[in-house]
Amino acid sequence: TPAPTEVLHPLLFGIGAAWVDALRAAGVPTAAAIGHSLGEYAALYAADRGDRRALAALVRARGDALARCAGGAMVAVRGDWHSSDSAPKT
């Protein structure tokens with residue numbers, strides 16, 4: 001059984017932030033930071049755009065909010081973006 005979102009999200013952020021701290025302690029400078037979805041919070045930490053405690057609080061609030069979304073799901077759509085059949089219609 002997967003961990004609940006409100007537990008998993010702070011855990012994943014903590015792992016990302018710990019990697020940033022370990023690399024900094026080893027003398028590896030941050031040249032760039034990028035993340036997707038939850039990973040954006042670790043990227044913000046790596047880019048010195050928020051302290052660990054404040055970002056962890058945001059991640060916790062995000063996880064709590066997502067946990068309250070009953071029956072949620074993700075979908076992946078495969079297609080050729082340049083094809084008029086696959087491009088989003090506005």
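From a predicted model like this one, the values you see are computed outputs, not experimental measurements. Residue numbers run from 1 in the order of the sequence given.
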If I compare all heavy atoms of Ala43 with all of Ala33, which pair ends up nearest, and what's the gap?
O-CB, 3.4 Å
More than 12 heavy atoms of other residues, nucleotides or ligands under 6.0 Å from CD1 of Ile34: yes or no?
no
Rounded distance (nearest 0.5 Å) linking atom OG1 of Thr5 with atom CG of Leu12:
10.0 Å
Closer than 4.0 angstrom, basic N to acidic O: yes or no for Arg60 and Asp64?
yes
Are any non-hydrogen side-chain atoms of Leu66 and Glu6 less than 4.5 angstrom apart?
no
Can you find a side-chain donor-acceptor pair between Arg62 and His9 that sits under 3.5 Å?
yes
Connected via hydrophobic side-chain network under 4.5 Å: Leu38 and Leu55:
yes
Going by salt bridge (Lys or Arg N to Asp or Glu O under 4.0 Å), name the pairs with one or both residues in residues 36-51, residues two or more places apart or in two chains.
Arg24-Asp48
Would Leu58 and Phe13 show up in the same hydrophobic cluster when neighbours are defined by side-chain heavy atoms closer than 4.5 Å?
yes
Thr30 side, atom OG1; Tyr45 side, atom OH - distance, nearest 0.5 Å
10.0 Å
